[in-house]
Amino acid sequence: MNVYDSAKMADVLAPIGFTSCSDAGSADMIILNTCHIREKASEKVYSELGRLRHLKEKRLRNEESTIIAVAGCVAQAEGEEILRRAPYVDIVLGPQTYHRLPEMVARATRAGEEKNNYGRGVLDTDFPTSQKFDYLPNEGGSQGVSAFLSVQEGCDKFCTFCVVPYTRGAEFSRPVEQILNEARCLIEKETKEITLLGQNVNAYHGLDEMGKEIGLGGLIDRLSEVHGVERIRYTTSHPNDMNKDLIRAHGQQEKLMPSLHLPVQSGSNKILQSMNRRHSVENYINVISELRNSRSDMALSSDFIVGFPGETDEDFEQTIDLIKEVKFSQAYSFKYSVRPGTPAGVMVEQVPEELKDERLFVLQDVLKKQQTEFNSSKVGNVLQVLLEKSGRHASQLIGRSQYNQAVHVNASQYYVGQVQDVYIDSVLSHTLQGSIKNHVKDIESRQKSERIEGEHV
Ligand code: SAH
Ligand code: SF4
(Lines give C-alpha, C1' and ligand atoms only; values in the text may rest on other atoms or scores of the structure.)
(Ligands and ions follow the chains in the order given, each with its own letter.)
Protein backbone atom coordinates (compact mmCIF):
# COMPACT_ATOMS: atom_id res chain seq x y z
CA MET A 1 0.00 0.00 0.00
CA ASN A 2 2.86 2.37 0.75
CA VAL A 3 4.43 1.67 -2.64
CA TYR A 4 1.10 2.60 -4.25
CA ASP A 5 0.74 5.71 -2.06
CA SER A 6 4.28 6.85 -2.88
CA ALA A 7 3.58 6.53 -6.62
CA LYS A 8 0.40 8.58 -6.16
CA MET A 9 2.26 11.27 -4.19
CA ALA A 10 4.68 11.57 -7.12
CA ASP A 11 1.66 11.87 -9.44
CA VAL A 12 0.01 14.69 -7.46
CA LEU A 13 3.30 16.58 -7.21
CA ALA A 14 4.13 16.31 -10.91
CA PRO A 15 1.82 19.17 -12.04
CA ILE A 16 3.58 21.60 -9.68
CA GLY A 17 6.96 20.74 -11.12
CA PHE A 18 8.38 17.89 -9.04
CA THR A 19 9.90 14.75 -10.53
CA SER A 20 11.34 11.78 -8.64
CA CYS A 21 15.09 11.59 -8.15
CA SER A 22 17.35 9.00 -6.61
CA ASP A 23 19.69 11.25 -4.61
CA ALA A 24 18.25 12.76 -1.43
CA GLY A 25 21.22 15.16 -1.25
CA SER A 26 20.08 16.99 -4.35
CA ALA A 27 16.31 16.87 -3.73
CA ASP A 28 14.19 19.99 -3.18
CA MET A 29 11.75 17.88 -1.22
CA ILE A 30 12.17 14.62 0.67
CA ILE A 31 9.13 12.57 1.73
CA LEU A 32 9.51 9.77 4.25
CA ASN A 33 6.53 7.49 3.66
CA THR A 34 6.26 5.48 6.85
CA CYS A 35 4.69 2.25 8.10
CA HIS A 36 3.56 1.74 11.68
CA ILE A 37 2.58 -1.91 11.63
CA ARG A 38 5.36 -3.30 13.80
CA GLU A 39 7.66 -2.20 16.59
CA LYS A 40 10.34 0.46 16.34
CA ALA A 41 8.58 2.17 13.44
CA SER A 42 8.70 5.63 15.03
CA GLU A 43 12.26 5.22 16.34
CA LYS A 44 13.37 4.36 12.81
CA VAL A 45 11.66 7.49 11.50
CA TYR A 46 13.33 9.76 14.07
CA SER A 47 16.76 8.32 13.37
CA GLU A 48 16.27 8.70 9.61
CA LEU A 49 15.08 12.27 10.20
CA GLY A 50 18.30 13.00 12.11
CA ARG A 51 20.23 12.02 8.98
CA LEU A 52 18.04 14.21 6.76
CA ARG A 53 18.52 17.16 9.11
CA HIS A 54 22.24 17.19 8.21
CA LEU A 55 21.39 17.12 4.52
CA LYS A 56 18.97 19.99 4.96
CA GLU A 57 21.45 22.10 6.93
CA LYS A 58 24.21 21.45 4.42
CA ARG A 59 21.96 22.58 1.58
CA LEU A 60 20.84 25.64 3.56
CA ARG A 61 24.49 26.72 3.86
CA ASN A 62 24.54 26.72 0.04
CA GLU A 63 21.31 28.74 0.09
CA GLU A 64 19.28 25.79 -1.18
CA SER A 65 16.11 24.94 0.68
CA THR A 66 14.77 21.42 1.26
CA ILE A 67 11.21 20.58 2.27
CA ILE A 68 11.18 17.56 4.59
CA ALA A 69 7.80 15.79 4.81
CA VAL A 70 6.78 12.78 6.89
CA ALA A 71 3.86 10.82 5.46
CA GLY A 72 2.11 7.52 6.18
CA CYS A 73 0.93 5.81 9.33
CA VAL A 74 3.73 6.91 11.69
CA ALA A 75 2.89 10.50 10.73
CA GLN A 76 -0.79 9.77 11.38
CA ALA A 77 -0.06 8.26 14.79
CA GLU A 78 2.58 10.74 15.96
CA GLY A 79 1.10 13.91 14.43
CA GLU A 80 2.33 17.08 16.10
CA GLU A 81 4.85 15.13 18.18
CA ILE A 82 7.02 14.87 15.02
CA LEU A 83 7.08 18.65 14.64
CA ARG A 84 7.98 18.96 18.33
CA ARG A 85 10.76 16.34 18.35
CA ALA A 86 12.11 17.20 14.90
CA PRO A 87 11.44 20.95 14.48
CA TYR A 88 13.24 21.01 11.12
CA VAL A 89 10.44 18.89 9.58
CA ASP A 90 8.22 21.03 7.34
CA ILE A 91 5.17 18.87 6.61
CA VAL A 92 3.44 16.03 8.47
CA LEU A 93 0.65 14.33 6.53
CA GLY A 94 -1.46 11.21 6.98
CA PRO A 95 -2.31 8.44 4.52
CA GLN A 96 -5.72 9.99 3.82
CA THR A 97 -4.57 13.53 2.99
CA TYR A 98 -1.75 13.20 0.48
CA HIS A 99 -3.98 14.39 -2.38
CA ARG A 100 -3.56 17.82 -0.71
CA LEU A 101 0.25 17.74 -0.97
CA PRO A 102 0.46 20.58 -3.53
CA GLU A 103 -1.49 22.82 -1.13
CA MET A 104 0.77 21.78 1.76
CA VAL A 105 3.86 22.53 -0.30
CA ALA A 106 2.45 25.98 -1.09
CA ARG A 107 1.75 26.61 2.61
CA ALA A 108 5.23 25.39 3.55
CA THR A 109 6.84 27.57 0.90
CA ARG A 110 4.97 30.65 2.17
CA ALA A 111 5.84 29.85 5.79
CA GLY A 112 9.43 29.17 4.72
CA GLU A 113 9.96 32.73 3.66
CA GLU A 114 9.22 33.82 7.23
CA LYS A 115 11.05 30.99 8.97
CA ASN A 116 14.20 30.90 6.92
CA ASN A 117 13.17 27.57 5.37
CA TYR A 118 13.71 25.64 8.60
CA GLY A 119 10.73 23.86 10.14
CA ARG A 120 7.64 25.25 8.46
CA GLY A 121 5.14 23.42 10.66
CA VAL A 122 2.44 22.24 8.19
CA LEU A 123 0.29 19.47 9.73
CA ASP A 124 -2.52 17.69 7.83
CA THR A 125 -3.59 14.37 9.34
CA ASP A 126 -7.38 14.49 8.86
CA PHE A 127 -9.33 11.31 8.24
CA PRO A 128 -11.50 12.03 5.18
CA THR A 129 -10.96 8.52 3.74
CA SER A 130 -13.55 8.62 1.03
CA GLN A 131 -12.36 11.94 -0.38
CA LYS A 132 -8.79 11.18 -1.36
CA PHE A 133 -9.61 9.08 -4.41
CA ASP A 134 -11.86 11.78 -5.88
CA TYR A 135 -8.83 14.05 -6.14
CA LEU A 136 -6.06 11.67 -7.15
CA PRO A 137 -5.16 11.75 -10.86
CA ASN A 138 -5.58 8.53 -12.84
CA GLU A 139 -2.93 9.71 -15.23
CA GLY A 140 0.49 9.31 -13.72
CA GLY A 141 3.92 7.81 -14.09
CA SER A 142 4.19 4.17 -15.11
CA GLN A 143 4.29 1.56 -12.38
CA GLY A 144 5.73 -0.96 -14.83
CA VAL A 145 4.50 -4.32 -16.09
CA SER A 146 2.97 -5.23 -12.73
CA ALA A 147 1.09 -2.45 -10.95
CA PHE A 148 -0.87 -1.86 -7.75
CA LEU A 149 -4.37 -0.44 -7.71
CA SER A 150 -5.96 0.48 -4.39
CA VAL A 151 -9.66 -0.49 -4.26
CA GLN A 152 -10.36 -0.53 -0.56
CA GLU A 153 -8.82 1.13 2.45
CA GLY A 154 -9.06 1.05 6.19
CA CYS A 155 -10.40 -1.59 8.52
CA ASP A 156 -13.25 -1.98 10.99
CA LYS A 157 -12.14 -5.34 12.38
CA PHE A 158 -9.98 -4.19 15.30
CA CYS A 159 -7.80 -7.25 15.85
CA THR A 160 -6.37 -6.67 19.31
CA PHE A 161 -2.71 -6.56 18.13
CA CYS A 162 -3.15 -4.20 15.18
CA VAL A 163 -2.80 -0.43 14.65
CA VAL A 164 -4.33 -0.31 11.17
CA PRO A 165 -7.88 0.73 12.20
CA TYR A 166 -6.38 3.66 14.15
CA THR A 167 -3.96 4.88 11.48
CA ARG A 168 -5.77 4.09 8.22
CA GLY A 169 -9.27 4.75 9.48
CA ALA A 170 -12.64 3.15 8.75
CA GLU A 171 -13.28 0.72 5.92
CA PHE A 172 -14.05 2.31 2.58
CA SER A 173 -14.51 0.90 -0.95
CA ARG A 174 -13.94 2.89 -4.15
CA PRO A 175 -16.67 2.92 -6.81
CA VAL A 176 -16.27 0.39 -9.64
CA GLU A 177 -16.08 2.93 -12.49
CA GLN A 178 -13.26 4.84 -10.79
CA ILE A 179 -11.28 1.61 -10.40
CA LEU A 180 -11.83 0.54 -14.01
CA ASN A 181 -10.75 3.99 -15.25
CA GLU A 182 -7.54 3.75 -13.26
CA ALA A 183 -6.98 0.23 -14.63
CA ARG A 184 -7.39 1.48 -18.21
CA CYS A 185 -4.80 4.22 -17.57
CA LEU A 186 -2.37 1.64 -16.19
CA ILE A 187 -2.84 -0.56 -19.25
CA GLU A 188 -2.02 2.36 -21.52
CA LYS A 189 1.32 2.57 -19.71
CA GLU A 190 2.74 -0.94 -20.23
CA THR A 191 0.95 -2.62 -17.26
CA LYS A 192 -0.17 -6.22 -17.82
CA GLU A 193 -0.80 -7.39 -14.27
CA ILE A 194 -2.86 -5.56 -11.66
CA THR A 195 -2.77 -6.31 -7.95
CA LEU A 196 -5.87 -4.96 -6.25
CA LEU A 197 -4.98 -3.52 -2.87
CA GLY A 198 -6.72 -3.00 0.42
CA GLN A 199 -6.03 -3.52 4.11
CA ASN A 200 -9.00 -5.88 3.87
CA VAL A 201 -9.31 -6.12 0.14
CA ASN A 202 -11.87 -8.92 0.14
CA ALA A 203 -14.22 -6.84 2.29
CA TYR A 204 -14.58 -4.73 -0.88
CA HIS A 205 -18.18 -3.63 -1.44
CA GLY A 206 -18.17 -0.80 -3.97
CA LEU A 207 -21.01 0.66 -6.02
CA ASP A 208 -21.23 -0.07 -9.75
CA GLU A 209 -22.53 2.35 -12.40
CA MET A 210 -26.14 1.32 -11.61
CA GLY A 211 -25.65 2.07 -7.91
CA LYS A 212 -25.62 -1.64 -7.08
CA GLU A 213 -23.13 -2.88 -4.50
CA ILE A 214 -20.70 -5.52 -5.74
CA GLY A 215 -18.11 -7.57 -3.90
CA LEU A 216 -14.53 -8.40 -4.87
CA GLY A 217 -15.61 -11.41 -6.98
CA GLY A 218 -17.85 -9.10 -9.05
CA LEU A 219 -15.10 -6.49 -9.34
CA ILE A 220 -12.70 -9.15 -10.62
CA ASP A 221 -15.31 -10.17 -13.24
CA ARG A 222 -15.50 -6.56 -14.40
CA LEU A 223 -11.73 -6.06 -14.42
CA SER A 224 -11.27 -9.27 -16.42
CA GLU A 225 -13.29 -7.63 -19.21
CA VAL A 226 -10.90 -4.66 -19.46
CA HIS A 227 -8.92 -5.02 -22.65
CA GLY A 228 -5.20 -5.42 -21.96
CA VAL A 229 -5.49 -6.71 -18.39
CA GLU A 230 -3.73 -10.07 -18.50
CA ARG A 231 -3.35 -10.99 -14.85
CA ILE A 232 -5.19 -10.09 -11.67
CA ARG A 233 -4.14 -10.58 -8.05
CA TYR A 234 -5.37 -9.08 -4.80
CA THR A 235 -4.00 -8.54 -1.32
CA THR A 236 -4.49 -8.57 1.72
CA SER A 237 -7.49 -10.68 2.60
CA HIS A 238 -9.24 -11.65 5.80
CA PRO A 239 -10.47 -15.27 6.12
CA ASN A 240 -13.97 -14.11 7.14
CA ASP A 241 -14.43 -12.20 3.89
CA MET A 242 -13.57 -15.12 1.58
CA ASN A 243 -17.17 -15.35 0.40
CA LYS A 244 -18.71 -17.84 -2.06
CA ASP A 245 -18.65 -15.38 -4.95
CA LEU A 246 -14.93 -14.70 -4.58
CA ILE A 247 -14.22 -18.42 -4.34
CA ARG A 248 -16.32 -18.87 -7.49
CA ALA A 249 -14.22 -16.23 -9.28
CA HIS A 250 -11.08 -18.26 -8.53
CA GLY A 251 -12.57 -21.19 -10.40
CA GLN A 252 -14.00 -19.14 -13.26
CA GLN A 253 -11.76 -16.22 -14.09
CA GLU A 254 -8.63 -17.30 -15.91
CA LYS A 255 -6.98 -13.94 -15.43
CA LEU A 256 -7.20 -14.31 -11.66
CA MET A 257 -3.94 -15.96 -10.60
CA PRO A 258 -4.09 -19.16 -8.54
CA SER A 259 -2.20 -17.76 -5.56
CA LEU A 260 -3.60 -16.15 -2.46
CA HIS A 261 -2.19 -14.47 0.62
CA LEU A 262 -4.61 -15.29 3.41
CA PRO A 263 -3.26 -14.39 6.87
CA VAL A 264 -4.30 -16.73 9.67
CA GLN A 265 -1.97 -15.45 12.44
CA SER A 266 -2.34 -18.49 14.74
CA GLY A 267 -3.48 -22.10 14.75
CA SER A 268 -4.97 -21.94 18.24
CA ASN A 269 -8.65 -21.08 18.63
CA LYS A 270 -7.96 -19.64 22.09
CA ILE A 271 -5.37 -17.22 20.66
CA LEU A 272 -7.52 -16.37 17.62
CA GLN A 273 -10.31 -15.41 19.99
CA SER A 274 -8.02 -13.30 22.13
CA MET A 275 -6.78 -11.64 18.91
CA ASN A 276 -10.44 -10.86 18.06
CA ARG A 277 -9.96 -12.49 14.65
CA ARG A 278 -13.58 -13.70 14.65
CA HIS A 279 -12.74 -16.94 12.84
CA SER A 280 -11.65 -20.34 14.06
CA VAL A 281 -8.99 -22.72 12.79
CA GLU A 282 -11.83 -24.87 11.40
CA ASN A 283 -13.31 -21.90 9.48
CA TYR A 284 -9.90 -21.23 7.96
CA ILE A 285 -9.33 -24.83 6.88
CA ASN A 286 -12.82 -24.90 5.43
CA VAL A 287 -12.17 -21.82 3.32
CA ILE A 288 -8.91 -23.34 2.05
CA SER A 289 -10.64 -26.54 1.04
CA GLU A 290 -13.43 -24.63 -0.75
CA LEU A 291 -10.80 -22.60 -2.59
CA ARG A 292 -8.94 -25.73 -3.61
CA ASN A 293 -12.20 -27.29 -4.77
CA SER A 294 -12.78 -24.24 -6.93
CA ARG A 295 -9.20 -24.09 -8.26
CA SER A 296 -7.18 -27.20 -7.50
CA ASP A 297 -3.70 -25.71 -7.95
CA MET A 298 -4.20 -22.79 -5.54
CA ALA A 299 -0.89 -21.74 -3.92
CA LEU A 300 -1.35 -20.27 -0.45
CA SER A 301 0.65 -17.90 1.66
CA SER A 302 -0.07 -16.48 5.08
CA ASP A 303 1.03 -14.27 7.99
CA PHE A 304 1.83 -15.69 11.42
CA ILE A 305 2.38 -13.99 14.75
CA VAL A 306 4.29 -15.95 17.40
CA GLY A 307 4.35 -15.05 21.09
CA PHE A 308 0.98 -13.31 21.23
CA PRO A 309 0.10 -12.68 24.93
CA GLY A 310 -1.02 -15.92 26.59
CA GLU A 311 0.39 -18.20 23.86
CA THR A 312 1.45 -21.49 25.49
CA ASP A 313 3.64 -24.25 24.03
CA GLU A 314 0.43 -26.10 23.20
CA ASP A 315 -1.05 -23.10 21.33
CA PHE A 316 2.19 -22.80 19.40
CA GLU A 317 2.14 -26.52 18.54
CA GLN A 318 -1.37 -26.05 17.16
CA THR A 319 -0.02 -23.36 14.83
CA ILE A 320 2.64 -25.81 13.59
CA ASP A 321 -0.11 -28.43 13.08
CA LEU A 322 -2.15 -25.98 11.02
CA ILE A 323 0.87 -25.18 8.83
CA LYS A 324 1.48 -28.88 8.26
CA GLU A 325 -2.13 -29.44 7.35
CA VAL A 326 -2.54 -26.54 4.91
CA LYS A 327 0.95 -26.54 3.30
CA PHE A 328 1.94 -23.01 2.34
CA SER A 329 3.94 -22.01 -0.73
CA GLN A 330 5.36 -19.02 1.14
CA ALA A 331 4.70 -17.07 4.34
CA TYR A 332 5.58 -14.11 6.50
CA SER A 333 6.07 -14.55 10.23
CA PHE A 334 6.61 -12.09 13.01
CA LYS A 335 7.22 -11.94 16.73
CA TYR A 336 4.31 -10.24 18.44
CA SER A 337 5.26 -6.64 19.23
CA VAL A 338 3.30 -4.27 21.43
CA ARG A 339 1.63 -1.49 19.49
CA PRO A 340 0.74 1.47 21.70
CA GLY A 341 -2.99 1.99 22.15
CA THR A 342 -4.00 -1.55 21.13
CA PRO A 343 -5.76 -3.91 23.59
CA ALA A 344 -3.14 -6.70 23.33
CA GLY A 345 -0.43 -4.26 24.38
CA VAL A 346 -1.82 -4.19 27.92
CA MET A 347 -2.65 -7.90 28.22
CA VAL A 348 -0.93 -9.32 31.29
CA GLU A 349 0.48 -12.59 29.96
CA GLN A 350 3.16 -11.11 27.66
CA VAL A 351 5.51 -13.80 26.32
CA PRO A 352 9.26 -13.36 27.06
CA GLU A 353 11.39 -12.25 24.09
CA GLU A 354 13.66 -15.35 24.20
CA LEU A 355 10.66 -17.64 23.92
CA LYS A 356 9.32 -15.62 20.97
CA ASP A 357 12.75 -15.96 19.30
CA GLU A 358 12.73 -19.72 19.86
CA ARG A 359 9.21 -20.14 18.48
CA LEU A 360 9.89 -17.94 15.48
CA PHE A 361 12.95 -20.03 14.64
CA VAL A 362 10.99 -23.30 14.78
CA LEU A 363 8.05 -21.88 12.83
CA GLN A 364 10.21 -20.35 10.10
CA ASP A 365 12.09 -23.62 9.71
CA VAL A 366 8.83 -25.48 8.97
CA LEU A 367 7.65 -22.73 6.61
CA LYS A 368 10.99 -22.57 4.78
CA LYS A 369 10.89 -26.33 4.20
CA GLN A 370 7.38 -26.05 2.77
CA GLN A 371 8.43 -23.23 0.47
CA THR A 372 11.44 -25.22 -0.77
CA GLU A 373 9.24 -28.26 -1.28
CA PHE A 374 6.69 -26.23 -3.25
CA ASN A 375 9.36 -24.59 -5.42
CA SER A 376 11.21 -27.86 -6.02
CA SER A 377 8.00 -29.53 -7.14
CA LYS A 378 7.99 -27.15 -10.13
CA VAL A 379 11.45 -28.20 -11.41
CA GLY A 380 11.02 -29.98 -14.73
CA ASN A 381 7.61 -28.33 -15.24
CA VAL A 382 6.51 -25.47 -17.45
CA LEU A 383 5.15 -22.38 -15.66
CA GLN A 384 3.52 -19.29 -17.11
CA VAL A 385 5.81 -16.39 -16.27
CA LEU A 386 5.10 -12.70 -16.74
CA LEU A 387 8.52 -11.15 -17.44
CA GLU A 388 8.66 -7.85 -15.59
CA LYS A 389 12.13 -6.31 -15.85
CA SER A 390 15.89 -6.82 -16.24
CA GLY A 391 17.73 -8.71 -13.56
CA ARG A 392 21.10 -7.94 -12.03
CA HIS A 393 23.10 -9.87 -14.61
CA ALA A 394 23.41 -9.06 -18.29
CA SER A 395 20.60 -10.54 -20.38
CA GLN A 396 18.78 -11.76 -17.28
CA LEU A 397 15.05 -11.07 -16.88
CA ILE A 398 12.97 -11.36 -13.72
CA GLY A 399 9.36 -12.42 -13.75
CA ARG A 400 6.67 -14.04 -11.65
CA SER A 401 4.97 -17.37 -12.17
CA GLN A 402 1.22 -17.75 -11.84
CA TYR A 403 1.94 -18.93 -8.28
CA ASN A 404 3.76 -15.68 -7.46
CA GLN A 405 7.22 -17.25 -7.42
CA ALA A 406 10.16 -15.14 -8.61
CA VAL A 407 11.60 -16.65 -11.80
CA HIS A 408 14.88 -15.74 -13.53
CA VAL A 409 15.47 -16.45 -17.21
CA ASN A 410 18.22 -15.55 -19.65
CA ALA A 411 16.51 -13.66 -22.43
CA SER A 412 16.50 -10.33 -24.21
CA GLN A 413 14.46 -7.22 -23.33
CA TYR A 414 12.13 -8.21 -26.16
CA TYR A 415 10.28 -10.46 -23.69
CA VAL A 416 9.58 -7.82 -21.02
CA GLY A 417 5.83 -7.49 -20.60
CA GLN A 418 5.10 -10.92 -22.08
CA VAL A 419 3.69 -14.01 -20.43
CA GLN A 420 5.88 -16.90 -21.57
CA ASP A 421 5.92 -20.63 -21.01
CA VAL A 422 9.08 -21.16 -18.99
CA TYR A 423 10.69 -24.54 -18.39
CA ILE A 424 11.96 -24.62 -14.80
CA ASP A 425 15.55 -25.90 -14.63
CA SER A 426 16.39 -25.42 -10.95
CA VAL A 427 15.68 -23.62 -7.68
CA LEU A 428 18.23 -21.25 -6.15
CA SER A 429 17.31 -20.14 -2.63
CA HIS A 430 13.75 -18.84 -3.17
CA THR A 431 14.13 -18.11 -6.87
CA LEU A 432 13.37 -20.41 -9.77
CA GLN A 433 15.74 -20.52 -12.74
CA GLY A 434 14.19 -21.35 -16.08
CA SER A 435 14.36 -21.05 -19.83
CA ILE A 436 11.75 -19.76 -22.24
CA LYS A 437 10.27 -22.72 -24.06
CA ASN A 438 9.64 -21.05 -27.39
CA HIS A 439 12.84 -19.04 -27.36
CA VAL A 440 14.29 -20.52 -30.55
CA LYS A 441 10.94 -20.50 -32.33
CA ASP A 442 10.44 -16.85 -31.31
CA ILE A 443 13.82 -15.78 -32.61
CA GLU A 444 13.19 -17.54 -35.92
CA SER A 445 9.78 -15.95 -36.37
CA ARG A 446 11.14 -12.53 -35.37
CA GLN A 447 13.94 -12.82 -37.92
CA LYS A 448 11.45 -13.93 -40.52
CA SER A 449 9.08 -11.03 -39.86
CA GLU A 450 12.00 -8.59 -39.88
CA ARG A 451 13.03 -9.99 -43.28
CA ILE A 452 9.50 -9.60 -44.61
CA GLU A 453 9.26 -6.04 -43.30
CA GLY A 454 12.65 -5.37 -44.88
CA GLU A 455 11.37 -6.63 -48.23
CA HIS A 456 8.38 -4.27 -48.04
CA VAL A 457 10.69 -1.32 -47.46
N1 SAH B 1 -5.29 -7.07 7.15
C2 SAH B 1 -4.42 -8.16 7.24
C3 SAH B 1 -3.08 -7.83 7.89
C4 SAH B 1 -2.51 -6.49 7.83
S5 SAH B 1 -1.12 -6.22 8.86
C6 SAH B 1 -5.10 -9.26 8.05
O7 SAH B 1 -6.13 -9.08 8.60
O8 SAH B 1 -4.52 -10.31 8.19
C9 SAH B 1 0.11 -7.28 8.18
C10 SAH B 1 0.63 -8.30 9.15
O11 SAH B 1 1.43 -7.70 10.15
C12 SAH B 1 -0.45 -9.02 9.93
O13 SAH B 1 -1.03 -10.06 9.19
C14 SAH B 1 0.27 -9.53 11.14
O15 SAH B 1 0.77 -10.83 10.93
C16 SAH B 1 1.43 -8.53 11.30
N17 SAH B 1 1.22 -7.70 12.50
C18 SAH B 1 0.30 -6.72 12.67
N19 SAH B 1 0.40 -6.22 13.91
C20 SAH B 1 1.39 -6.88 14.53
C21 SAH B 1 1.96 -6.82 15.82
N22 SAH B 1 1.51 -5.97 16.74
N23 SAH B 1 2.98 -7.67 16.11
C24 SAH B 1 3.45 -8.54 15.18
N25 SAH B 1 2.94 -8.65 13.96
C26 SAH B 1 1.93 -7.83 13.62
FE1 SF4 C 1 -5.31 -5.24 11.32
FE2 SF4 C 1 -6.05 -6.94 9.39
FE3 SF4 C 1 -7.08 -7.17 11.82
FE4 SF4 C 1 -7.77 -5.10 10.30
S5 SF4 C 1 -8.21 -7.27 9.91
S6 SF4 C 1 -7.25 -5.02 12.44
S7 SF4 C 1 -5.85 -4.71 9.23
S8 SF4 C 1 -4.92 -7.45 11.22
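No experiment lies behind these values; they were computed from the predicted model shown. Whatever order the structure lists ligands and atoms in, that order sets their numbers, starting from 1.
For Glu353, the CD atom is densely surrounded, since the number of other residues' heavy atoms within 6.0 Å is greater than 12. More than 12 heavy atoms of other residues, nucleotides or ligands lie within 6.0 Å of CZ in Phe158, so this atom counts as buried by the packing criterion. Open room surrounds CD on Glu80; 12 or fewer heavy atoms of other groups in view lie less than 6.0 Å from it. Around the CD atom of Glu349, the shell of radius 6.0 Å holds no more than 12 heavy atoms that belong to other residues, nucleotides or ligands.
Classification of Arg359 and Asp315 as a salt-bridged pair fails, no side-chain N sitting under 4.0 Å from a carboxylate O. In summary, Lys324 and Asp321 do not engage in a salt bridge, as defined by a charged side-chain N under 4.0 Å from a carboxylate O. Using a cutoff of 4.0 Å between basic side-chain nitrogens and carboxylate oxygens, Asp11 and Lys189 are not scored as salt-bridged. Ion pairing between a basic and an acidic side chain is recognised when a charged N comes within 4.0 Å of a carboxylate O; Lys8 and Glu182 show such pairing. Salt-bridge formation is not detected for the pair Lys192/Glu388: no Lys NZ or Arg NE/NH1/NH2 atom is positioned less than 4.0 Å from an Asp or Glu carboxylate oxygen.
When non-hydrogen atoms are compared, ligand 1 lies under 4.0 Å from neither the backbone nor the side chain of Val338. Only the side chain of Pro165 comes within 4.0 Å of ligand 2, counting heavy atoms alone; its backbone N, CA, C and O stay farther away. Residue-level proximity to ligand 2 for Phe161 is carried by the side chain, the only part with a heavy atom below 4.0 angstrom. With a 4.0 Å cut-off on non-hydrogen atoms, Asn200 touches ligand 2 through its side chain and not its backbone.
Of the polar atoms of Asp303, at least one N or O is found under 3.5 Å from an N or O of ligand 1, judged by distance alone. Considering backbone and side-chain N/O of Ser237, none are found under 3.5 Å from N/O of ligand 1. When only interatomic distances are considered, the shortest N/O to N/O separation between Tyr336 and ligand 1 does not fall below 3.5 Å. Every N/O-N/O distance between His238 and ligand 1 stays at or above 3.5 Å. Between Gln265 and ligand 1, a contact under 3.5 Å exists for at least one N or O pair. For the pair Cys162 and ligand 1, the shortest N or O to N or O distance does not fall below 3.5 Å.
In terms of protein heavy-atom proximity, atom 5 (S) of ligand 1 is closest to Ile37 CD1, 3.4 Å. Given atom 11 (O) of ligand 1, the protein heavy atom at minimum distance is Arg38 NH1, 2.9 Å. Scanning the protein for heavy atoms near atom 22 (N) of ligand 1, the closest one is Ser337 O, 2.8 Å. Nearest protein heavy-atom neighbour of atom 26 (C) of ligand 1: Ile305 CD1, 3.7 Å. Nearest protein heavy-atom neighbour of atom 3 (Fe) of ligand 2: Cys159 SG, 2.3 Å. Looking from atom 4 (Fe) of ligand 2 to the surrounding protein, the closest heavy atom is Cys155 SG, 2.3 Å. Looking from atom 1 (N) of ligand 1 to the surrounding protein, the closest heavy atom is Gln199 O, 2.8 Å. The nearest protein atom to atom 20 (C) of ligand 1, hydrogens excluded, is given as Phe161 CD1, 3.7 Å; this is a heavy-atom distance.
Checked by atom type, the side-chain pair Gln76/Thr167 shows no donor-acceptor distance below 3.5 Å. With 3.5 Å as the limit, one finds no donor-acceptor pair spanning the side chains of Asp221 and Ser224. Remark: the Gln178 side chain and the Asp134 side chain contain an N/O donor-acceptor pair separated by less than 3.5 Å. No hydrogens or angles considered: a donor-acceptor pair under 3.5 Å links the side chains of Gln96 and Lys132.
Each of the atoms 5 (S) of ligand 2 lies under 4.0 Å from some heavy atom of Lys157. Proximity to Arg277 (heavy-atom distance under 4.0 Å) selects the following atoms of ligand 2: 3 (Fe), 8 (S). Within the listing of ligand 1, atoms 23 (N), 24 (C) sit less than 4.0 angstrom from a heavy atom of Lys335. Less than 4.0 angstrom separates some heavy atom of His238 from each of these atoms of ligand 2: 5 (S). Annotation for ligand 1: atoms under 4.0 Å from non-hydrogen atoms of Arg339 are 22 (N). Atoms of ligand 1 lying under 4.0 Å from at least one heavy atom of Thr236, given by number and element, are 2 (C).
Side chains of Val362 and Phe316 form a contact here, defined as non-hydrogen atoms less than 4.5 Å apart.
Phe161 and Phe334 have their aromatic ring centers separated by at least 6.0 angstrom.
Within a 4.0 Å radius of atom 18 (C) of ligand 1, the protein contributes one or more non-hydrogen atoms.
For Val164, the closest heavy-atom approach to ligand 1 does not fall below 4.0 Å. At a 4.0 Å cut-off, at least one heavy atom of Arg277 sits close enough to ligand 1 to count as contact.
For atom 1 (Fe) of ligand 2, the N/O/S atoms of Cys162 include one lying under 2.8 Å.
Screening Asp90, Leu55, Ile67, Val70 for a side-chain contact (heavy atoms from CB on, under 4.5 Å) involving Ile30 leaves a single residue, Leu55.
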